[in-house]
Amino acid sequence: MRILAIETSCDDTSIALVEANLRTPACRQAGRQDLKLEIRVLENIVSSQTNIHSHFGGVVPNLAKREHEKNLPSIFENLKPLTLNLKPGILAVTVGPGLEPALWAGIEFAKKISKELKIPLVGVNHLEGHLYSNLLPQINQVTNHKLASISFPAVVLLVSGGHTILLLMRDMLHWKKIGETRDDAVGEAFDKVARILGLPYPGGPEIEKLALSGDPKAIKFPRPMVGTKDYDFSFSGLKTAVLYYLKDEALKHESMKALKQREDVTASFQAAAIDVLTIKTMRAVREFGARSVLLCGGVAANQALRRALENASKLESASFFAPTIEYNTDNAAMIAVAAFMRTQRRRKKIPIVANGQLSI
Ligand code: KG4
Ligand code: ZN
């Protein structure tokens, strides 16, 4: 099956063309562990609006919508020859969660293209996209080796700008949510701490860069909810702790900018966030006897987090998976795979209406 996919849930405009095949067994057995899936990413174009939003310290929904409306036709124009040649069987579009004006831009464009190409339109949950981003091979390579080596049950840590979620997967097609953040998402905490420090948006990569030359043990920031029995998270207290620390320090120094230890602050904040994520994920691994750990979402780009989870997984004899670097942050290739997997699950169709709060 060839899938054309459109993603506009936040500040990345993306269109992808992906080929996904279930070789054997037959579709009705797709829930089994021996699922034989082949995926080829034929094209995955991402146009980032970071430069536009960074002046505002975050994504401005109506500005994002306007930019998506501008970017979509020109990206599609580039993809048109390939699309007309390879004739996708379905068109997938992200309907949520995300910023509703941004989502509508994608949906309206998708409706037009679906009519033009005479192919059915299906709605996709953005979070299912992140979940399946681990299966995506690099462009124009076919892989199923990753899939073959994911053993179940698996624990998934989904960490993005809007979400921090732990899932327990029984197999490739079935999961349940076991925990999530009660306030800020971890990516949001990175973005807010960056803003406090005067670093540009998105803050995650900026913090990671500065943290490389800081001491993660320099400042003892709290590890919120690390000892609770549930699998929920809370990151707003951690952000506030950084803010108070800096206010105290600023009183001692001339100005915040003069602070010598921005590196130590970022390294210590990052270490606190990673500790909480790792400890809770690994507790779930032990409790549910998970054999694999899957990391995904924009924050999965963080190398320190990847290393911490990989090392912790090794100690529990669980295999660790994280997406190929270009698929950590938002992209349409992951939306295509999520659409394909949904056809295999035979679940109810998602309405083609923007739903900012759609849950997984
Ligand atoms: O998945 P994503 O592209 O968009 C959402 O669905 O939210 O995630 C974006 C988030 C932002 O909060 C950004 O700061 C964070 O991912 N992020 C990072 C890194 N790269 C992106 N956080 C920490 N370290 C990074 N290297
Ligand atoms: Zn995302």
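A quick note: this is a predicted structure, and the numbers were derived from the prediction, not measured.
When atom types are taken as modelled, the side chain of Tyr327 and the backbone of Leu135 share no donor-acceptor pair closer than 3.5 angstrom. Side-chain N or O atoms of Arg40 include none that pairs as donor or acceptor with a backbone N or O of Glu19 at under 3.5 Å. No donor-acceptor pair closer than 3.5 Å links the side chain of Arg291 to the backbone N or O of Ser319. Under a 3.5 Å cut-off, the side chain of Asp191 and the backbone N or O of Gly203 do form a donor-acceptor pair. With hydrogens and angles disregarded, a donor-acceptor distance shorter than 3.5 Å links the side chain of Asn331 to the backbone of Thr329. Under the 3.5 Å distance criterion, the side-chain polar atoms of Arg223 are matched with a main-chain donor or acceptor of Phe221. Between the side chain of Asp232 and the backbone N or O of Thr181, no donor-acceptor pair lies under 3.5 Å. Between the side chain of Thr324 and the main chain of Glu326, no donor-acceptor pair closer than 3.5 Å is present. In terms of modelled atom types and a separation under 3.5 Å, the side chain of Ser292 and the main chain of Ser151 share a donor-acceptor contact. Between the side chain of Asn125 and the backbone N or O of Val95 there is no donor-acceptor pair closer than 3.5 Å.
The side-chain heavy atoms of Ile90 and Ile119, taken from C-beta on, include no pair separated by under 4.5 Å. Contact check for His130 versus Asp330: side-chain heavy atoms found under the 4.5 Å cut-off. Taking the side chain as every heavy atom from C-beta outward, Leu305 and Val159 approach each other to under 4.5 Å. Taking 4.5 Å as the limit, every side-chain heavy atom of Val93 sits out of range of all side-chain heavy atoms of Phe109. Counting only heavy atoms from C-beta outward, the side chains of Met172 and Gln344 never approach each other to under 4.5 Å. With a 4.5 Å cut-off on side-chain heavy atoms, Pro137 and Val41 count as touching. Inter-residue side-chain proximity for Phe76 and Lys112 is flagged as unmet; no heavy-atom pair is nearer than 4.5 Å. Between Ile350 and Asn355, the closest side-chain pair of non-hydrogen atoms is not below 4.5 Å.
Linking Ile, Leu, Val, Met, Phe, Trp and Tyr residues whenever their side-chain heavy atoms come within less than 4.5 Å leaves Trp175 and Leu358 in two separate clusters. Leu42 and Val124 sit in two unconnected hydrophobic clusters of ILVMFWY residues. Membership requires side-chain heavy atoms under 4.5 Å apart, directly or through other members. Placement of Leu295 and Phe235 within a single hydrophobic cluster is found when ILVMFWY residues are connected by side-chain heavy-atom separations under 4.5 Å, directly or transitively. In the hydrophobic cluster analysis, where Ile, Leu, Val, Met, Phe, Trp and Tyr join through side-chain heavy atoms closer than 4.5 angstrom, Leu166 is grouped together with Phe320. In the hydrophobic clustering of this structure, Met334 groups with Met169; members are Ile, Leu, Val, Met, Phe, Trp, Tyr whose side-chain heavy atoms approach within less than 4.5 Å, directly or through other members.
Ionic pairing of Glu69 and Arg66 is not present here: no N-O contact between side-chain nitrogen and carboxylate oxygen is shorter than 4.0 angstrom.
More than 12 heavy atoms of other residues, nucleotides or ligands sit less than 6.0 Å from atom CZ of Arg283. No more than 12 heavy atoms of other residues, nucleotides or ligands shown are found within 6.0 angstrom of CD on Gln357. For Lys220, the NZ atom counts as loosely surrounded, since its 6.0 Å shell holds 12 or fewer non-hydrogen atoms of other residues, nucleotides or ligands.
Using a 3.5 Å distance cut-off with no hydrogens or angles, the side chains of Thr228 and Lys280 do pair a donor with an acceptor.
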- Check step by step if side chain to side chain donor-acceptor pair (under 3.5 Å) holds for Glu7 and Ser9. CA-CA 6 Å; Glu7 154 67 35; Ser9 67; 2.6 Å; yes
- Message: Please evaluate residues Thr266 and Ile207 with respect to the criterion side-chain contact (heavy atoms from CB on, under 4.5 Å), reporting the C-alpha separation (whole Å), side-chain torsions for both, the decisive distance (0.1 Å), and the verdict.
- Response: CA-CA 6 Å; Thr266 51; Ile207 291 204; 3.9 Å; yes
- Dump the intermediate steps for side chain to side chain donor-acceptor pair (under 3.5 Å) on Asn78 and Glu43, then the final yes or no. CA-CA 10 Å; Asn78 283 330; Glu43 194 56 274; over 6 Å; no
- Query: Do Asp183 and Phe233 pass the side-chain contact (heavy atoms from CB on, under 4.5 Å) test, and can you show the C-alpha distance, the side-chain angles, and the key distance before you say yes or no?
  - Reply: CA-CA 8 Å; Asp183 42 56; Phe233 300 93; over 6 Å; no
- Query: Can Ile325 and Gln303 be said to form a side-chain contact (heavy atoms from CB on, under 4.5 Å), step by step?
  - Reply: CA-CA 10 Å; Ile325 212 73; Gln303 295 298 327; 3.7 Å; yes
- Task: I would like to know whether Leu37 and Met341 meet side-chain contact (heavy atoms from CB on, under 4.5 Å); could you show each step before the answer?
- Result: CA-CA 10 Å; Leu37 182 70; Met341 297 305 261; 3.9 Å; yes
- Task: Start with the C-alpha gap between Glu310 and Arg307, add the side-chain angles, then the distance that decides, and say whether salt bridge (charged side-chain N to carboxylate O under 4.0 Å, His left out) holds.
- Result: CA-CA 5 Å; Glu310 182 163 23; Arg307 265 197 311 276; over 6 Å; no
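In this structure, CG on Asn62 lies 12.0 Å from CD on Glu67, to the nearest 0.5 angstrom. Taking CG from Leu121 and CD1 from Ile6, the interatomic distance works out to 8.0 Å, rounded to the nearest 0.5 Å. For the atom pair OG1 (Thr240) and NZ (Lys247), the distance works out to 9.5 Å, reported to the nearest 0.5 Å. We find the CG-OG1 distance between Leu103 and Thr8 to be 5.5 Å, quoted to the nearest 0.5 Å. For the atom pair CD1 of Ile165 and CG of Leu127, the computed distance is 5.0 Å after rounding to the nearest 0.5 Å. Considering CG of Leu277 and OG1 of Thr164, their distance stands at 7.0 Å, rounded to 0.5 Å.
Nearest heavy atoms, Ser14 versus Val46: OG-CG2, 3.5 Å. Smallest separation of non-hydrogen atoms from Leu173 and Arg345: O-NE, 2.9 Å. The heavy-atom pair separating His68 from Asp11 by the smallest distance is CE1-C, 4.2 Å. Here the closest non-hydrogen pair linking His126 and Ile335 is CA-CD1, 4.1 Å. In terms of heavy atoms, Ser47 sits closest to Asn71 at OG-ND2, 3.5 Å. The heavy-atom pair separating Ala333 from Ala16 by the smallest distance is N-CB, 3.4 Å.
Aromatic ring centres of Phe269 and Phe190: separated by under 6.0 Å.
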